[in-house]
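Since the structure comes first, as structure tokens, the remarks are kept for the end.
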Amino acid sequence: MSGAIDRELEERARAAQALAYAPYSRFPVGAAVRMGGKTYEGVNVENASYPLTVCAERNAVAAAVRDGARRLEAVAVCSNASPPSTPCGGCRQVLLEFAADPAAVTVTAVNQQGERRSWTLAELIPHGFSGRELP
Ligand code: THU
């Protein structure tokens with residue numbers, strides 16, 4: 001994966017963050033996933049019934065799946081945290097669902113101040129439940 005493509009994914013996540021619906025937590029998150037060679041964005045969408053909130057990463061994956069994409073290649077997530085915050089455990093599991101090789105999927109966390117941290121998905125969810133165990 002080239003550095004230029006990584007930066008574009010980060011910019012898409014940063015731009016998406018402005019559209020987050022986060023009136024309760026006041027913690028807007030934007031995510032961008034590259035799946036099947038295309039980029040899809042998502043934002044967190046909160047609800048007055050708090051547990052119904054859906055994270056930015058999961059909404060980005062849903063947009064990709066709706067477009068027919070199935071293979072996850074890279075992820076960028078933008079929050080206001082410093083250092084930039086990582087995808088939650090539930091989102092790691094959802095990302096894993098579409099990762100043919102979790103060690104080859106880069107997850108980059110950024111904020112609007114230009115801080116950046118990155119990992120592979122395998123590092124974020126080691127020994128994850130892939131579904132290959134299912135009958
Ligand atoms: N949130 C995300 O969108 N992605 C994450 O990976 C972590 C948390 C959202 C959920 C909620 O709207 C707010 O951040 C605070 O938890």
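Position 1 is the first residue of the sequence, and the numbers go up from there. Read the numbers this way: they start at 1 and go in the same order the structure lists the ligands and their atoms.
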### Message
Can you give me the closest heavy-atom contact between Val61 and Val94, atom names plus distance?
### Response
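Residues Val61 and Val94, closest heavy atoms: CG1-CG1, 4.2 Å.
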### Message
If I compare all heavy atoms of Ser79 with all of Asn111, which pair ends up nearest, and what's the gap?
### Response
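Closest heavy-atom pair between Ser79 and Asn111: O-CB, 3.1 Å.
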### Closest candidate by heavy atom, reference atom 12 (O) of ligand 1, pool Glu46, Arg26, Arg92
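Of the listed residues, Glu46 has the closest heavy atom.
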### Query
Under 3.5 Å, is there a donor-acceptor pair linking the side chains of Arg117 and Thr86?
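Not at all, the side chains of Arg117 and Thr86 share no donor-acceptor pair under 3.5 Å.
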### Message
Is it the case that the side chains of Gln113 and Ser82 hold a donor-acceptor pair, with the cut-off being a distance below 3.5 Å and no angle test?
### Response
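Not at all, the side chains of Ser82 and Gln113 share no donor-acceptor pair under 3.5 Å.
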Using a 4.0 Å cutoff against the non-hydrogen atoms of [X], which atoms of ligand 1 qualify?
X: Pro87; value: 6 (O)
X: Ser25; value: 13 (C), 15 (C)
X: Thr53; value: 10 (C), 11 (C), 12 (O)
X: Thr86; value: 6 (O)
X: Glu57; value: 2 (C), 3 (O), 4 (N), 5 (C), 6 (O)

### Query
Is there at least one protein heavy-atom neighbour under 4.0 Å from atom 16 (O) of ligand 1?
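So far as the 4.0 Å threshold goes, atom 16 (O) of ligand 1 is out of reach of every protein heavy atom.
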### Query
Taking N or O atoms only and a 3.5 Å limit, does Cys88 qualify as a polar contact for ligand 1?
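N/O-N/O distance below 3.5 Å exists for this pair.
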### Message
Below the 3.5 angstrom mark, is there an N/O of Ala56, backbone or side chain, next to an N/O of ligand 1?
### Response
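Min N/O separation from ligand 1 is below 3.5 Å for Ala56.
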### Message
Under 4.0 Å between a side-chain nitrogen and a carboxylate oxygen: does that hold for Arg7 and Glu11?
### Response
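Salt bridge between Arg7 and Glu11, a charged N being under 4.0 Å from a carboxylate O: no.
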### Message
So Pro102 and Leu96, do their side chains get closer than 4.5 Å, heavy atoms only?
### Response
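The answer is yes; the side chains approach within 4.5 Å.
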### side chain to side chain contact (heavy atoms under 4.5 Å, CB included) between Trp119 and Ile125, worked out
CA-CA 10 Å; Trp119 308 263; Ile125 183 164; over 6 Å; no
### Task
Do me a favour and list the nearest non-hydrogen protein atom to atom 9 (C) of ligand 1 with residue, atom name and distance?
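Here the closest protein heavy atom is Asn44 ND2, 3.5 Å.
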### Task
Do me a favour and list the nearest non-hydrogen protein atom to atom 1 (N) of ligand 1 with residue, atom name and distance?
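Of the protein heavy atoms, Cys55 SG, 3.7 Å lies nearest.
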### Message
Quick check for you: to the nearest 0.5 Å, what is the distance between Cys78 atom SG and Glu41 atom CD?
### Response
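If I round to the nearest 0.5 Å, the distance is 12.0 Å.
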